[in-house]
Number of protein chains: 2
Amino acid sequence: MSQTDTVSRILDAAEVLFAERGFTETSLRTITSTAGVNLAAVNYHFGSKKELIQAVFERFLTPFTDALVRELDRRVAEGQTLTVEGLLESLYRVGMGSLAEQGRDPQRFMRLLGLAYTQYQGHLRRFIVSRYGDSYRRFAGLLAQALPGLDPVTFYWRLYFMLGATIFTLSSYDAIEAILREDFGAQSSLPETLERLVPAAAAMLKVNAE
Amino acid sequence: MSQTDTVSRILDAAEVLFAERGFTETSLRTITSTAGVNLAAVNYHFGSKKELIQAVFERFLTPFTDALVRELDRRVAEGQTLTVEGLLESLYRVGMGSLAEQGRDPQRFMRLLGLAYTQYQGHLRRFIVSRYGDSYRRFAGLLAQALPGLDPVTFYWRLYFMLGATIFTLSSYDAIEAILREDFGAQSSLPETLERLVPAAAAMLKVNAE
DNA sequence: CAACATTTAAAACAGTTGTTTAGTACCGAG
DNA sequence: CTCGGTACTAAACAACTGTTTTAAATGTTG
């Protein structure tokens, strides 16, 4: 079993288990046994549980943010006028795309993002902000440009409202979808939900703007 | 030290610590030592840690939902026409009020609600749904009435978008407020944030309605 | 092939977890 | 005063936590 094999087997197992139960609720023994590797392999390859958690996030935040920034750069270079809806669509489409490429589950990604925000793990938030803050500000800046006439403080609160709606909904996607299917018999896919989210979030951002 | 004293001291400490760090990250020893009571008192009075968690939620969800339902009943009985904005205002005002009455911190309440949704505690979600599902449906029903012409599935997704924006934002209120204060020097209070949230959430709910 | 560094393995480590047990202090009723 | 039950406490319990150590296996390079 080569190194990359063990490392990625650990990451795969950790990603799934963390998303399912959270960080503290997932022991290294659970991770290594479902990954089929030795317990000590985690500390050997990653150093500590903390660093394993960060590695899990890094593995799918990096391709995502890279793809997002590339997409934004492309659209700006082409001289496109970027609307609020267009930017949200880019965000969601790139998110789906960059994950689907790797055969990764987008909902798992969202559950992890939700955990990163709510859990008591100072190191994680610090890690994410320091590593991906630039991409975040790039997106936020373009979104602010598409919303002229909005004072900055209001804009940023709404940005958080939007993030909340997105992360919260998608991280509980399975549960919500199950409830709606039971009550209305109507099943909806993740892309459909994002199609509902774009105009709703855009409307929220645009109140009193322009 | 009377029973009620010990019980409520435990609940007070648990509420603060759970909101701060989460459930698994808070040990019974931390709770009992900050409460100034014996370790075994938790299991004696509550049975288990699980039941302590539920008791913490019960203690402030019950007055909140009771007050909300009373308020909704009152407004319906008076024959008021309930708008989306009016309903959201009721929700937020009652939330603030019923907590302020008891001298409880509303943000802590929100952090706990956020945890209930994101943490891996099946028993908690089940407990909350079975205990407070009726009040939830009462509010959702009135909100749906205020949004005629919206198909039920779209309505429910938007309801979750709204919940997400609310819970996510308010549960990270301190962190967000700190960032905005640093970047813009503008400090905002919780009521101000709710005043921003009402029109934004209402706009999101109302897209294409009526 | 030999020598080296990398990787895996089993076992032990020290610390923490929630829970239980056994016993003590208390307090009002008979 | 004594009894019966409630409230509390100290101590121990067994299980589990992340991490480290020691040794064996493996692969790579000269």
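Just so it is clear: chains get the letters A, B, ... in the order the sequence lines come, proteins before strands, and each one is counted from 1. Given the structure is predicted, the values throughout are model-derived calculations rather than measurements.
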task = Starting at atom CZ of A:Phe18, determine the distance to atom C1' of D:dG18, rounded to an integer number of angstrom.
result = 12 Å

query = With respect to A:Phe109, which candidate in A:Tyr173, A:Phe64, A:Phe57 satisfies the ring pair (Phe, Tyr, Trp, His ring centres under 6.0 Å) definition?
reply = A:Phe64

request  = Give one of base, sugar-phosphate or nothing for B:Thr26, where a contact means two heavy atoms less than 4.0 Å apart.
outcome  = sugar-phosphate

key: Residue pair B:Arg131 / B:Gln54, side-chain heavy-atom distance below 4.5 Å   = no

ask   = How long is the line joining CG of B:Asn38 and P of D:dT9, in whole Å?
value = 5 Å

remark   = Whether each nucleotide of nucleotides 19-25 of chain D has a protein heavy atom under 4.0 Å at its base (B), only at its sugar-phosphate (S) or at neither (-) is summarised, 5' to 3', as BB-----

task = Indicate whether OP1 or OP2 belonging to C:dT17 is found under 4.0 Å from a side-chain N or O atom of B:Ser27.
result = yes

ask   = So, are A:Glu71 and A:Arg74 salt-bridged, with charged N and O less than 4.0 Å apart?
value = yes

task = Quickly work out the B:Phe46 CZ to C:dG18 P distance and round it to whole Å.
result = 15 Å

query = Taking the inter-plane angle between the rings of A:Phe23 and A:Phe18 on a 0 to 90° scale, is it parallel (under 30°), tilted (30 to 60°) or perpendicular (over 60°)?
reply = perpendicular

note = Correct closest heavy-atom pair for A:Leu150 and A:Leu205 would be CD2-O, 3.6 Å

query = Is the phosphate of D:dC8, meaning OP1 or OP2, less than 4.0 Å from a side-chain N or O of B:Thr6?
reply = yes

request  = May I ask you to verify if any side-chain N or O of A:His45 is less than 4.0 angstrom from the OP1 or OP2 atom of C:dT8?
outcome  = yes

Nearest-Å distance for atom pair CZ/C1', residues A:Arg9 and C:dT7 = 15 Å

key: Spacing between A:Glu51 atom CD and D:dG18 atom C1', to the nearest angstrom   = 13 Å

query = What's the CD-C1' distance between A:Glu25 and C:dG18, to the nearest Å?
reply = 15 Å

request  = Evaluate the criterion salt bridge (charged side-chain N to carboxylate O under 4.0 Å, His left out) for residue pair B:Asp12 and B:Arg59; output intermediate values, then yes/no.
outcome  = CA-CA 10 Å; B:Asp12 286 342; B:Arg59 188 170 64 148; 2.9 Å; yes

task = Whole angstrom is fine here: how far is it from CD1 in B:Ile53 over to C1' in C:dG18?
result = 11 Å

task = Determine the interplanar angle of the B:Tyr117 and A:Phe168 rings, folded into 0 to 90°, and report it as parallel if under 30°, tilted if 30 to 60°, perpendicular if over 60°.
result = tilted

ask   = Rounded to whole angstrom units, what separation is found between the CD1 atom of A:Ile31 and the C1' atom of D:dG18?
value = 11 Å

